[in-house]
Amino acid sequence: QVQLVEAGGGLVQAGDSLRVSCAASGRTFSMSGMGWFRQAPGKEREFVAAISRSGGRVHYADSVKGRFAISRDNAENTMTLQMNSLKPEDTAVYYCAAQRMDPDGRWYPTLVAKYYAWGQGTQVTVSS
């Protein structure tokens, strides 16, 4: 399986940029669809962005579209979320997660329940 570790969170001001990364160990990273989710205090975990195993397909939540960019490097077993024009409402713990993709490429990038591995999370705080 795959083990995931996030890094790069921190405290920034509104309008700033921040990059969070996810390092994976295990042999299944390149076979897995990967996603970023976030959870704010008192709220449910929500989908942020996802990328297919080849990197050819990406998905974004409407709230971050045009501001965030997801990427992956299968040779380095890493995934990155570049966050620009940050807003206070982006404040949350950010989690990376892995999902098995069907041989035909089918997967469910926005569904929390479909992901089988999760990192411990990294805090992102955006002040106004």
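- In the hydrophobic clustering of this structure, Tyr116 groups with Ile51; members are Ile, Leu, Val, Met, Phe, Trp, Tyr whose side-chain heavy atoms approach within less than 4.5 Å, directly or through other members.
- Under the 6.0 Å distance and 45° angle rule, Arg45 counts as a cation-pi partner of Trp118.
- Between the side chain of Arg72 and the main chain of Gly33, no donor-acceptor pair closer than 3.5 Å is present.
- Checked by atom type, the side-chain pair Gln123/Thr125 shows a donor-acceptor distance below 3.5 Å.
- Atom CD of Gln120 has more than 12 neighbouring heavy atoms from other residues, nucleotides or ligands inside a 6.0 Å radius.
- Considering every non-hydrogen atom in both Asn74 and Asn77, the closest pair reads O-OD1, 3.2 Å.
- Here the straight-line distance linking atom OG of Ser32 with atom CE of Met79 works out to 10.5 Å at 0.5 Å rounding.
- Checking side-chain atoms of Glu6 against main-chain N and O of Val20 turns up no donor-acceptor pair under 3.5 Å.
- A distance of 10.0 Å separates CD in Glu46 from CD in Glu44, rounded to the nearest 0.5 Å.
- Of all heavy-atom pairs spanning Ala24 and Leu4, the tightest one is CB-CD2, 3.7 Å.
- Note: Leu18 CG to Thr122 OG1 = 8.0 Å, rounded to the nearest 0.5 Å.
- Both Val93 and Phe47 are members of a single hydrophobic cluster when ILVMFWY side chains are connected at heavy-atom separations under 4.5 Å.
- No donor-acceptor pair closer than 3.5 Å links the side chain of Asp102 to the backbone N or O of Asp104.
- No side-chain heavy atom of Met34 sits under 4.5 Å from any side-chain heavy atom of Trp36.
- In plain terms, the two heavy atoms of Gly35 and Tyr115 that are nearest each other are N-CE2, 3.7 Å.
- Interatomic distance, Ile70 CD1 to Cys22 SG, rounded to the nearest 0.5 Å: 9.5 Å.
- Pairs passing the side chain to side chain donor-acceptor pair (under 3.5 Å) check and including a residue from residues 86-97, sequence neighbours excluded, read Arg38-Asp90, Arg38-Tyr94, Arg67-Asp90.
- Closest approach of Trp107 and Arg100 over heavy atoms only: CB-O, 4.5 Å.
- In Lys43, the NZ atom is not crowded: 12 or fewer heavy atoms of neighbouring residues, nucleotides or ligands sit closer than 6.0 Å.
- The OG atom of Ser85 lies 9.5 Å from the CG atom of Asp16; values are rounded to the nearest 0.5 Å.
- Not a single side-chain hydrogen bond (donor to acceptor under 3.5 Å, both in side chains) links Thr110 to another residue, sequence neighbours left out.
- For Gln13, the CD atom is loosely surrounded, since the number of other residues' heavy atoms within 6.0 Å does not exceed 12.
- Transitive grouping of hydrophobic side chains (ILVMFWY, heavy atoms separated by less than 4.5 Å) brings Val126 and Met83 into a common cluster.
- Here the OG atom belonging to Ser71 is positioned 8.5 Å from the CD atom belonging to Gln82, to the nearest 0.5 angstrom.
- Closest of all the heavy-atom pairs between Asp73 and Phe29 is O-CE2, 4.0 Å.
- By the criterion of side-chain heavy atoms lying less than 4.5 angstrom apart, applied directly or through intervening Ile, Leu, Val, Met, Phe, Trp or Tyr residues, Val48 is grouped together with Leu86 in one hydrophobic cluster.
- Cluster annotation: Val58 is connected to Val64 through the hydrophobic network of ILVMFWY side chains, with a link wherever side-chain heavy atoms come within less than 4.5 Å.
- In terms of heavy-atom proximity, Ala69 sits nearest to Tyr60 at CA-OH, 3.3 Å.
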